[in-house]
Amino acid sequence: MLLSNLDLVVLFTYLLGIMVYGLWMSRAKNKNVSDYFLASKSLPWWIVGGSLIASNISAEQILGTNGSGYAIGLAIGGYELMSALTLILVAKFLLPVFLDKGIYSIPQFLQNRFDDRVRICFSFILVILYVFVNISSIFYLGGLAISNLTGIPMLAGILGLVIYSASFSIFGGLKAVVWTDVIQAVVLLIGGLIAAGVALAALGDGSVINGAISLYEFAPEKFEMILGKDHKHFDSVPGISVLVGGMWIANLYYWGGNQFIIQRALASKNIKEAQKGVASAALLKLLMPLIAVIPGMAAFALQADIAKPDQAFPWVLSELVPIGIKGLVFAALVAAIGSSISSLVNSVSTISTLDLYKPLIKKNATEKHLVKVGKITAAGALIVGMLTAPFLGMLDLDQAFQFIQEFSGFISPGIFVTIIFGLFWKRTSAKPALWVALLCVPLSVGLFALTDLPFFYRMTISFVALSTLIVILSYFDKINIEDNLLDIKPGMILLGSMLLISIPFSLRVLTGDIELPLWLGGVTLFLNLCSLYFIFGNKRTNPKAIQINTLLFKTERSFNVMGVLVVLALVVIYGFLN
């Protein structure tokens, strides 16, 4: 037993307190769909921001990213840092449209813009991903951490997480989830910063600053933010691609098209509150490398006696954090796990109920009945995730964070392409969007099986192929009608997406910066240019196209200030560490 009696008292007091508070928040009757799935659309900005952080930071961040920090270094923090900028872009360009349309879920947006086939296809894909990859991996990592720190069997730890998450997420819906999220976000930040501070102090003979200096002197290579092509972990964090290229697909999908993240913003009071909440989360994301990477790097410098990188954070907690405080830090870890699980479960419940059950099984279901179904599917997601989690141990995962990124990368290009073209190219049609939905996973799996490319490159190639497919098929779809108006302003957003993602990839291949066949660079560049030709030459519109009022993109001064601070911070970080 690595936790003392005092630590256990702190831990169980916290857990019991959150469960009681969550159940107390669940006491209100969820009379309709809006109450249960979107917290009555009443969330203020600070709840949105805190819940976003708590939902995002989970076992794969605390354990997985610290494991990658141990193995790779600070470069893995690029996921967190670039997420901050992504949040600003999502809040500026995507959220206003989603909220203006009053949607409950991303699949509902796809149904409104395209048809039921696209909605149902992506709904099935998302539910499978959330349950069998996200929820199961979080249970696995959480159970592993509990086992390492308490000595109890991993299965018992997973069962405890199920009971903890189910206590309020099933009965209370999104309202109970987000209000407990805020408390868990505070505990997470405090506990994570304590772990980082203690680890650095151990390196610096009691001084955090000296510890940071010692860490840099011991392993300066761990502070490289842009890895070279000869780095052994280049496949995981492939160089400049963390700034331009496939990283943007992962981030824009995760923050702008991922139901369990975007659902918080959809439940806000209004667009302005949603934008401020997302921007505040962006500022907090800048702190995440301190929590999710530095302890793992410190464990490397302290030459931790561990079998695999994902054990770095548990080692810091068990060996360095003082008694009593250890219980609080461990509570922060459980808070991160519980928050992400409850958020994922709520999103699986939302999609399963509103986007699958209602259109496929009972179209005329009452709202009371749908809430009941939502609770049943939430319980089902927990049970399936719990039963699947132990099998991940059979995969002998070295870095679970990379496992999640790999499988999420199978669908993120398809969902991102469908959303971005559905929003900003009025000629996009339903049949091409359906083909993207059907082909995105087989295409990604094929690239995974037939090549040894880093997953960032595979996602970029998928993005080019799928965006070309949706443009060409939509261009020749006879359902579109003539309107003689050019898509200049929305087209600039699509151009910006290609300038961030696929055009730099093509140019880097052509110049030899990426060691791939030159023909691949030429083909991807040609396909990008063809797509842009069709986009900017378009004078037709789809009957279900979204008519966007550019005033939607006007933001308040407070949001603009937070956006500028995020950009300046990233410039300083990447400027000094490269």
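Bear in mind that the values here come from a model prediction, so they are computed numbers and not experimental data.
Counting only residues at least two apart or in different chains, ring-ring contact (aromatic ring centres under 6.0 Å, His included) contacts with residues 274-301 comprise Tyr70-Phe300. Evaluation of the salt bridge (Lys or Arg N to Asp or Glu O under 4.0 Å) test over residues 282-307, restricted to residues two or more places apart or in two chains, returns Glu80-Lys285.
Using a 4.5 Å heavy-atom threshold, the side chains of Leu94 and Trp255 count as separate. Leu81 places a side-chain heavy atom less than 4.5 Å from the side chain of Met225. Residues Ser462 and Leu447 are in side-chain contact: their nearest non-hydrogen atoms beyond the backbone lie under 4.5 Å apart. By the 4.5 Å heavy-atom criterion applied to side chains, Leu227 and Ile72 are counted as neighbours. Between Phe421 and Leu466 there is no side-chain heavy-atom pair separated by less than 4.5 Å. With a 4.5 Å cut-off on side-chain heavy atoms, Leu110 and Ile419 count as touching. Ile213 has its side chain within reach of Glu217: a pair of non-hydrogen atoms, C-beta onward, lies under 4.5 Å apart. Side-chain contact between Val244 and Ile501 is absent, with no heavy atoms from C-beta onward closer than 4.5 Å.
Contact detail for Ala274 and Val48: the closest heavy-atom pair is O-CG1, 4.4 Å. Of all the heavy atoms in Ala195 and Val329, the pair that sits closest is CB-CG1, 4.0 Å. Of all heavy-atom pairs between Met459 and Gly246, the closest is CE-O, 3.4 Å. Considering every non-hydrogen atom in both Tyr574 and Gly78, the closest pair reads OH-CA, 3.4 Å. Closest approach of Leu126 and Pro107 over heavy atoms only: CD1-CG, 4.1 Å. Looking at every heavy atom in both residues, Leu215 comes nearest to Ala301 through CD1-CB, 3.6 Å.
Side chain of Trp45 to backbone of Ser268: no donor-acceptor contact under 3.5 angstrom is found. Remark: side-chain polar atoms of Gln275 are paired, donor with acceptor, to backbone N or O of Ala91 under 3.5 angstrom. Panel note: side chain Ser318, backbone Trp315; a donor-acceptor pair is recorded below 3.5 Å. Without hydrogens or angle criteria, Asp181 side chain to Ser340 main chain gives no donor-acceptor distance under 3.5 Å. A donor-acceptor pair under 3.5 Å is formed between the side chain of Ser497 and the backbone N or O of Ile493. Although no hydrogens or angles enter the test, the distance criterion places no donor-acceptor pair under 3.5 Å between the side chain of Tyr140 and the main chain of Ile158. When atom types are taken as modelled, the side chain of Asn270 and the backbone of Glu273 share a donor-acceptor pair closer than 3.5 angstrom. For Ser165 (side chain) and Ser342 (main-chain N/O), no donor-acceptor pair under 3.5 Å exists by modelled atom type. Side-chain atoms of Ser467 come within 3.5 Å of backbone N or O of Val464 as a donor-acceptor pair. Under the 3.5 Å distance criterion, the side-chain polar atoms of Asp513 are left unmatched by any main-chain donor or acceptor of Arg508.
Partners of Phe109 under the ring pair (Phe, Tyr, Trp, His ring centres under 6.0 Å) rule, at least two apart in sequence or in another chain, are Phe98. Every residue two or more places apart in sequence or in another chain that forms a ring pair (Phe, Tyr, Trp, His ring centres under 6.0 Å) with Phe553 is listed here: Phe93. In this structure Leu284 satisfies the side-chain contact (heavy atoms from CB on, under 4.5 Å) test together with Ile53, Leu189, Leu287, sequence neighbours excluded. Partners of Val441 according to the side-chain contact (heavy atoms from CB on, under 4.5 Å) rule, which considers only residues two or more places apart in sequence or in another chain, are Ile125, Ile411, Val445.
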Stepwise side-chain contact (heavy atoms from CB on, under 4.5 Å) check, Val567 with Met562: CA-CA 9 Å; Val567 172; Met562 287 188 278; over 6 Å; no
Val348 and Val131: CA distance, side-chain angles, deciding distance, side-chain contact (heavy atoms from CB on, under 4.5 Å) verdict: CA-CA 8 Å; Val348 170; Val131 174; 4.1 Å; yes
Steps toward side-chain contact (heavy atoms from CB on, under 4.5 Å) verdict (Tyr79, Ser68): CA-CA 11 Å; Tyr79 282 96; Ser68 295; over 6 Å; no
Verdict with supporting geometry, Leu129 and Ser408, side-chain contact (heavy atoms from CB on, under 4.5 Å): CA-CA 7 Å; Leu129 176 74; Ser408 297; 4.2 Å; yes
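Put simply, OH on Tyr164 and CD1 on Ile18 are 5.0 Å apart, with the number rounded to the nearest 0.5 Å. We find the CD-CD1 distance between Glu556 and Ile271 to be 11.0 Å, quoted to the nearest 0.5 Å. Here the CG atom belonging to Asn251 is positioned 7.5 Å from the CE atom belonging to Met82, to the nearest 0.5 angstrom. We find the CG-CG distance between Asn210 and Leu200 to be 10.5 Å, quoted to the nearest 0.5 Å. Atoms CD1 and CD1, from Ile262 and Ile106 in turn, are 5.5 Å apart once rounded to the nearest 0.5 Å. Atom CG of Leu193 and atom CD1 of Ile294 lie 11.0 Å apart (nearest 0.5 Å).
Side-chain contact, Gln263 with Thr350: a donor N or O sits under 3.5 Å from an acceptor N or O. With no hydrogens or angles considered, no side-chain donor-acceptor pair links Ser444 and Arg458 at under 3.5 Å. Between Tyr254 and Asn56, the side chains place a donor N or O and an acceptor N or O closer than 3.5 Å (distance only, hydrogens not considered). A donor-acceptor contact closer than 3.5 angstrom is absent between the side chains of Thr388 and Ser136.
The distance between the ring centers of Trp46 and Trp179 falls below 6.0 angstrom.
Atom CD of Glu515 is surrounded by 12 or fewer heavy atoms from other residues, nucleotides or ligands within 6.0 Å. Counting heavy-atom neighbours within 6.0 Å of Ile209 CD1, excluding the residue itself, gives a total of 12 or less.
Aromatic ring pairs are classed by plane angle as parallel below 30°, tilted from 30° to 60° and perpendicular above 60°; the pair Tyr216 and Phe223 is perpendicular.
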